[in-house]
Number of protein chains: 4
Amino acid sequence: MTGSSRGRPRSETARSAILEATRALLIEDGYEDMTVSRIAVRAEVGKQTVYRWWKSKAEIVAEAALNGVIPMEAEQPVATDDLVTDVYTLIRNFTEPANERGGSALIRALASASAASETSGAQLWERFAEPTRAAITQRLAAAVDIGDVRDDVELGSVADALIGSLLLRVLSRQPITSADFEALADVILCGISTGSLGQRSTERSEDS
Amino acid sequence: MTGSSRGRPRSETARSAILEATRALLIEDGYEDMTVSRIAVRAEVGKQTVYRWWKSKAEIVAEAALNGVIPMEAEQPVATDDLVTDVYTLIRNFTEPANERGGSALIRALASASAASETSGAQLWERFAEPTRAAITQRLAAAVDIGDVRDDVELGSVADALIGSLLLRVLSRQPITSADFEALADVILCGISTGSLGQRSTERSEDS
Amino acid sequence: MTGSSRGRPRSETARSAILEATRALLIEDGYEDMTVSRIAVRAEVGKQTVYRWWKSKAEIVAEAALNGVIPMEAEQPVATDDLVTDVYTLIRNFTEPANERGGSALIRALASASAASETSGAQLWERFAEPTRAAITQRLAAAVDIGDVRDDVELGSVADALIGSLLLRVLSRQPITSADFEALADVILCGISTGSLGQRSTERSEDS
Amino acid sequence: MTGSSRGRPRSETARSAILEATRALLIEDGYEDMTVSRIAVRAEVGKQTVYRWWKSKAEIVAEAALNGVIPMEAEQPVATDDLVTDVYTLIRNFTEPANERGGSALIRALASASAASETSGAQLWERFAEPTRAAITQRLAAAVDIGDVRDDVELGSVADALIGSLLLRVLSRQPITSADFEALADVILCGISTGSLGQRSTERSEDS
DNA sequence: GATTAAGCGAGACGGTACGTCATGTCTTTGT
DNA sequence: ACAAAGACATGACGTACCGTCTCGCTTAATC
């Protein structure tokens, strides 16, 4: 009854084997066809060991898929002095993981898990989208300071447009091409209007 | 011996009761917690009658959710002579169904179904996204003709940004506000740059 | 509105095709694995036509199996002047149908049908066992008259022993050999005791 | 790495609850109307636990009914020095279980199960009939030694006649009276002929 | 000959049981 | 005390069959 650490300590090996196995099965079978029993067998772990650390299939998937998709974005600060170059780099950093073997499957799994679990849905996507959103808004804020970007723009919308477009392509199983995202970058940077419309005002906005 | 229409004809009553029950359960329980047995009970239909017409839960959900979410497609052509007004109207027509009771749940169900079913994923989203995409690109194409919109813009990207942003908010269970979408419209119409960057070229862009 | 016989008359072709198909399927699949749908398909008949004439699977089987197993009932009166010869003939007439291709299966079907249907069980076996019982008791009664058989013997018991022995062999899927039944005939005709026990009295015996 | 007995051991409680529930439902509903689901519910057991130990309804019923009908026969050796008394006792020991509440139903279930399952049919009846057969032949063999019974009698036939007669009555849902079986005992002990026929020869017997 | 009523093959219907599989819990032995 | 193994209660899965119910077609007897 020393309390803190009696008996055999928890195995970090088991933990990472479970996440790795989950990732592999998610890519092979998809969220719905993957089972906890198979995760345990693949990870060479008892089923109870899985349930000791995570409460449900959705939770395991959330952690496994997040670890599999997003860790690579916390890479470089992405800052040259050219806004266009940097936006392109941001987009590439963002879309490439999704194109790697299984990346799309993991994002689809994230979507299924978040749809399944009412409680963790919001925070799950927050954790998925926030790093990207932070990288984008940070670079753009710098551009606002320099005067390259208008100071009345809602920068979060730009991030949402990028992430949302990616999500749409992943869920609809369309290929994710740089061309598509560069066309989007084009729209975001320059807009679509010829400018004859004048600067839009931002006054109206009572939502439902 | 025509062989075509022998035996008892299929019951349209049963068909629509199944779709209606599916819709209701999708809103109440979500994709994963909804069961085919409960659909059958709620629709006062035998389980076999469900499986006779649809091969899987994903297929039923695809049809039911599409019928429930997108019938707005056949609305008005949306055409005043003011591009800004029309873009706002398009956005409103698109986001309002998602905010109505259950609209978000149906879109989440659509996402889960498409993630679950490899085969029907693409066509499912095609049917969901295409009507909106068509309405948007059609209106913008008219604006291109008049000279309100640049003629080198990839109009599909605009639609994807709108639809993707909606999808992101629905899956992350954020509220869908007009303000958010109007900020997005602002970006899309006018861009974010101060214009000092000049017209972007479109030369670089071949990879997957 | 005479009410008696308007409309299309019932098809005797259909009726006999159903019974024939039932018999075939009973032999191929056994009682439990045979289905009414397959009867209908095999007989090239609508399922409703089956249910128009019989209320349940047990009823169809009862009629089909009886028609298939016991038509030997209307054979010869079996009467030479030698009791031993005649008992042997009776046994042979009785056991041979069971050995023909499918005979055992039909008897097993009869057993299953009677076990399944509380109501028709008694009458079913009555129809199966009674003709045989009648033939046996009739011949023995004649022997009693002549003095070949004791007049205090319960002749029904003799028939039951024969039929029951057959039934036991069929249900336990043992081969049905003449040797077995002739040994039984030996016991029945002569008894097993050496005779030193004297004639048994019949006084004790009231309970259920 | 013994590999033999790891994991949770099988629950004997569950096992006996299943057999008990099966017996109860067999008596209430009969073989055909009893369902595995109801067995599981009644035994407060998961359906999978039933299927883990038995492959089919027929197998469960075989074991349950045998345990319910026959264990009481391994009673006393039944041996006074009076053959008649002992045969009567044997018969009583044999027919009484069938008359107890549900005994007939269990025997009918045994018949249905053996008709349904090709493989286990023979061994099933062997296990049902053999204890009785052994008891009878053993007692009679002793009688042969003393000289009370002829030494050329096929003793198995006597057992078959008794068991078969019981079976016939059970399946045809006739009441099982001692009177009937005592009449049969009378025939078996003394035969039916007046003796003028002389001792039968046993030479003929080529079966079909 | 036209009408009419019933039987016909076909096959979808509302139910219910099947036997399998997954979830999340519980109870063993092994380390 | 934790891990692996795996049995447990629960309950959904997708299939099969039951017995009923339309369909459109065919077949007489009645008009």
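Below, chain A is the first sequence line, B the second, and so on; all start at residue 1.
Within the nucleic acid shown, A:K57 comes within 4.0 Å of sugar-phosphate atoms alone, with no base atom in reach, counting heavy atoms only. As judged by a 4.0 angstrom heavy-atom cut-off over every strand, B:W53 is placed among residues touching the sugar-phosphate backbone only. Counting any heavy atom pair closer than 4.0 Å across all strands shown, C:K47 reaches a base atom. At the heavy-atom level, C:S11 lies under 4.0 Å from the strands shown only through sugar-phosphate atoms.
Atom CD1 of B:I107 is separated from atom CG of A:L171 by 12.0 Å, given to the nearest 0.5 angstrom. From C:T22, atom OG1 reaches atom NZ of C:K57 across 10.5 Å, with rounding to the nearest 0.5 Å. Atoms CD1 and CH2, on B:I18 and B:W54 in that order, are 4.5 Å from each other to the nearest 0.5 Å.
Comparing A:A14 and B:Y51 against DNA chain F, the residue whose closest nucleotide sits nearer the 5' end is A:A14. Looking at which nucleotide of DNA chain E each of D:R8 and C:E44 is closest to, the 5′-most match is held by C:E44. Sequence order on DNA chain E of the closest nucleotides to B:Q48 and C:Q48 puts C:Q48 first from the 5' end. Nearest-nucleotide mapping onto DNA chain F: of A:A43 and D:E12, the residue sitting toward the 5' end is A:A43.
In this structure, C:R38 does not pair ionically with C:E28, as no charged nitrogen and carboxylate oxygen lie closer than 4.0 Å.
Across the protein-nucleic acid pair, A:I60 atom CD1 and E:dA22 atom P stand 15 Å apart, rounded to whole Å. Atom CD of B:E59 and atom P of F:dG14 are 11 Å apart (whole Å). The distance between atom CZ of C:R6 and atom P of E:dG7, rounded to the nearest whole Å, is 13 Å. Put simply, NZ on D:K55 is 10 Å from P on E:dT20, counting in whole angstrom units.
In the region residues 16-41 of chain B, proximity to DNA chain F at under 4.0 angstrom, judged on heavy atoms, holds for B:T35, B:V36, B:S37.
Taking each heavy atom of C:Y31 and C:A116 in turn, the nearest pair found is OH-CB, 3.9 Å.
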Self-check item: Step-by-step side-chain contact (heavy atoms from CB on, under 4.5 Å) determination, B:S172 to A:E126
Solution: CA-CA 7 Å; B:S172 62; A:E126 200 59 25; 5.9 Å; no
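In this model, the phosphate group of F:dA3 is approached by a side-chain N or O of A:R52 to a distance below 4.0 Å at OP1 or OP2.
With hydrogens and angles ignored, the 3.5 Å screen pairs no side-chain donor or acceptor of D:S117 with any backbone N or O of D:S114.
You'll find that the side chain of D:T49 is closest to F:dC8, out of F:dC8, F:dG19, F:dA4.
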